Structure formats: structure tokens, C-alpha cells
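Reviewing the structure listed below.
All of these numbers come straight from a predicted model, not from anything done at the bench.
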Amino acid sequence: MINLYEKLGISIDSNSTQIQRAIKKAAENQSMSLAEIQKAHDWLLDANIRKKYNAKLFAEYPELIEQLAQQRATQNKATLRQSKSNDLSKNKLAIAAMALVVLIGGYYALSPYWALRQLANAVDNSDVGKMSQYIDYPAVKDSISSQFKAALLQKINNDASMKDNPIAMAIALPMIDGAVDMMVSEAGIRTLFNGQKHQKRREEAEAEGKELRLRKADLDYQGLDRMHATITSEEGKKVTFVFEREGFADWKMKSVQLYLDDLDL
């Protein structure tokens, strides 16, 4: 009995597409007679006829059963190896994805600490350009000015001699504006971050050898996008710097809470 699979150069468990391709190739190369090609087409491409043909072939060539078993065992091993390789690749991708998520999450969570550190470095180095990356000067100026003016109005209302004196208000307001301008200058910001009442030159501050108090600020999150950094002044008073998130991981100081009791007018 002719072994059509052997003639076509394919395995016994080849699928119909592989058989058609092999038949076409045999016809083009004339490696089989027309009669053999016709038999291959009729016997191997009809599922029912192929089953009967295979049964007769195995009966005449029992060794083909062992060959088929070995082929399938080899294929199963290859499939298993590929499956393990795919699983390993998937695991690596999953681990890489998790690591990326952790890295991004860590950067997101630690970004305010980094911003505070960079701001402190900029202040220590008198790097005004770098400081402006972390300080919204107009917003800070407005916050300090509003607190001074509120404290001034309270003091005037509590002082009968000043309450009905418009001249006092006219004189005091420009003085407040000047004082606020000094507080949001480079030297004034250093003074605030050191919890000092009076401005000191950078050389004097360095000579004292004290670390910028801002570096030891107590941090308090007010949600994901707002943070309070509080320091204790030389007199034991609390000063709070309010930072807000801008974008994914950038932060800027938007206001300073001096507290009304701390305002010396």
C-alpha cells in the first residue's frame, strides 16, 4: 500500500491546508505521478476516507503508529515550552508594569518632599530663578498682605483713638505694602523660612551655621493636591507655608499663614 504522506513529504497528522499545499507542490515539481496526486487529493482531503486510509496504513505499517506518537510527543513538548516561555514573558511584563506603577506612584507621593528640598537648596544658594519655580510670588504676596490688612483693621477697631482717624489708615496701608514687598523678597523669604522676625544678610545666616528651618518643617497633607509645611519660629510661634500641586508632580508655595496673633503691628 502506497504511503501518500511519505510521498508528499508530510507527517500523518498534517491538517488539510498542509496537505493541499504539499499536493500543489508535488504537482508543480512532478515528484508524483498524476495517479498518485489524484489519490492524495481524494483520499486525504475527505475526512471520512482519510480515516479509513489511515487505519489500513497503520495495519500495514505498524511502525507509523510509534512515529506518530513520537511526533505528537515532540509537538506537545514544544507547545509546553512555548507556553512556559509565553507565561514567563507575561510575568516579566506584569512585573515590569507593576514596578513602573510603583515607581510612578512613589514619585507622585514623594514629589512634595522633593519640591521642598529643592526650594530649600535654592534658598541656601540664593538661586532666585530656582526659587521662582517653587514660589508663586503674587499669590504669596496677596496672602500676606490680606493678613496684615485684616490685623490692622482689627487693631483699629479695637483702638478708640484710631477707629475714627482716617489718617491712621491712610498712613498704615502704604507701610503694610512696603513691609509685604520686603517679606516676599529673596532675603524676606529666607527670613520666613528660618522663622526669624528680622531679616539677616545671607553671610550672617551662614555664619550662625544654622540649618534652614524649612528643611525640618512638619508636613501635613490636605488631600492629594495640597500640603502644609509648618515650622516653629525663634519665639516658638508657628508659621505655615501652603503648597499646591501643579500638574503631576510639580508643587508651588501659594500662601503663608502667619496667624493674626503673630502679626506685630
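- At least one side-chain heavy atom of E186 sits less than 4.5 Å from a side-chain heavy atom of S126.
- What you find for W251 and S111 is that their closest heavy atoms are NE1-OG, 3.0 Å.
- A donor-acceptor contact closer than 3.5 angstrom is absent between the side chains of Y5 and D13.
- Between R226 and E244, at least one side-chain N (NZ, or NE/NH1/NH2) sits under 4.0 Å from a carboxylate O, which counts as a salt bridge.
- Using a 4.5 Å heavy-atom cutoff, the side chains of L214 and V123 are not in contact.
- No side-chain heavy atom of D142 sits less than 4.5 Å from a side-chain heavy atom of V140.
- Distance CD1/I23 to NZ/K39: 13.5 Å, rounded to 0.5 Å.
- The backbone N or O of A120 sits nowhere less than 3.5 Å from a side-chain atom of R117 that would complete a donor-acceptor pair.
- Residues Y107 and L224 fall within the same hydrophobic cluster, defined by Ile, Leu, Val, Met, Phe, Trp and Tyr side chains chained together at heavy-atom separations under 4.5 Å.
- Within a 6.0 Å radius of OH in Y137, other residues, nucleotides and ligands contribute more than 12 heavy atoms.
- For the atom pair CD1 (I135) and NZ (K141), the distance works out to 14.5 Å, reported to the nearest 0.5 Å.
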Problem set entry | ring pair (Phe, Tyr, Trp, His ring centres under 6.0 Å) between Y53 and W43, worked out | CA-CA 7 Å; Y53 170 76; W43 294 358; 5.5 Å; yes
Problem set entry | Trace of the side-chain contact (heavy atoms from CB on, under 4.5 Å) decision for D250 with Y134 | CA-CA 8 Å; D250 294 329; Y134 298 98; over 6 Å; no
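- Of the possible donor and acceptor atoms, one in the side chain of T191 sits under 3.5 Å from a partner among the backbone N and O of A187.
- Annotation: H228, atom NE2; neighbour count of heavy atoms from other residues, nucleotides and ligands within 6.0 Å is above 12.
- The number of heavy atoms from other shown groups lying within 6.0 Å of OH (Y113) does not exceed 12.
- Nearest heavy atoms, L258 versus M183: CD1-CE, 4.0 Å.
- Residues N15 and R21 have side chains that never bring a donor and an acceptor to within less than 3.5 angstrom of each other.
- Annotation: side chain of D218 is not in contact with side chain of I231 (no heavy-atom distance under 4.5 Å).
- Residue L34 qualifies as open at atom CG: its count of foreign heavy atoms under 6.0 Å is 12 or below.
- With hydrogens and angles disregarded, no donor-acceptor distance shorter than 3.5 Å links the side chain of Y108 to the backbone of L103.
- Counting all heavy atoms, side chain and backbone alike, L45 lies closest to S16 at CD2-O, 3.9 Å.
- In this structure, Q133 contributes its side chain and K130 its backbone to no donor-acceptor pair below 3.5 Å.
- Within a 6.0 Å sphere centred on CD of E246, heavy atoms belonging to other residues, nucleotides or ligands number more than 12.
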For this session: Evaluate the criterion side-chain contact (heavy atoms from CB on, under 4.5 Å) for residue pair L4 and L57; output intermediate values, then yes/no.
Result: CA-CA 10 Å; L4 294 173; L57 192 66; over 6 Å; no
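- Linking ILVMFWY residues whenever their side-chain heavy atoms come closer than 4.5 Å, directly or via other members, leaves V128 and L212 in distinct clusters.
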Problem set entry | Working for side-chain contact (heavy atoms from CB on, under 4.5 Å), residues D42 and I49 | CA-CA 8 Å; D42 294 342; I49 297 176; 5.7 Å; no
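- Counting only heavy atoms from C-beta outward, the side chains of V256 and T240 never approach each other to under 4.5 Å.
- Summarising the geometry, atom CG belonging to D127 is positioned 10.5 Å from atom CG belonging to L119; distances are rounded to the nearest 0.5 Å.
- In this structure the side chain of M253 reaches within 4.5 angstrom of the side chain of F193, judged on heavy atoms.
- Under the 3.5 Å distance criterion, with hydrogens and angles disregarded, no donor-acceptor pair is assigned to the side chains of N29 and S31.
- Residues T230 and F241 are not in side-chain contact: their nearest non-hydrogen atoms beyond the backbone lie 4.5 Å or more apart.
- Around atom NZ of K7, no more than 12 heavy atoms belonging to other residues, nucleotides or ligands sit under 6.0 Å away.
- Cluster annotation: F58 is connected to I10 through the hydrophobic network of ILVMFWY side chains, with a link wherever side-chain heavy atoms come within less than 4.5 Å.
- Taking all atoms of both residues into account, the shortest heavy-atom contact from S146 to S143 is OG-O, 2.9 Å.
- L44 and M32 fall within a single hydrophobic cluster, where Ile, Leu, Val, Met, Phe, Trp and Tyr are joined by side-chain heavy atoms under 4.5 Å apart, directly or via other members.
- For D136 and K252, the salt-bridge test fails: no basic side-chain N is under 4.0 Å from an acidic carboxylate O.
- Side chain of R245 to main chain of D225: no donor-acceptor pair is present (N/O by atom type, distance under 3.5 Å, no hydrogens or angles).
- We find the CD1-OG distance between I19 and S11 to be 8.5 Å, quoted to the nearest 0.5 Å.
- Paired with N54 under the rule side chain to side chain contact (heavy atoms under 4.5 Å, CB included), one option of K56, K51, R50 passes, and it is R50.
- In this structure, the side chain of Q30 does not engage the main chain of A26 through any donor-acceptor pair within 3.5 Å.
- For the residue pair K238 and T232, a side-chain donor N or O sits within less than 3.5 Å of a side-chain acceptor on the partner.
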Exercise. Can you check side-chain contact (heavy atoms from CB on, under 4.5 Å) on F243 and L116, steps first, answer last?
Worked result: CA-CA 9 Å; F243 290 80; L116 207 64; 3.5 Å; yes
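- The main-chain N or O of M1 is found under 3.5 Å from a side-chain atom of E60 such that the two form a donor-acceptor pair.
- Without hydrogens or angle criteria, Q257 side chain to V239 main chain gives no donor-acceptor distance under 3.5 Å.
- Under 4.0 Å is where a charged nitrogen must lie from a carboxylate oxygen, and between K52 and D46 no such pair does.
- No side-chain heavy atom of I37 sits under 4.5 Å from any side-chain heavy atom of K24.
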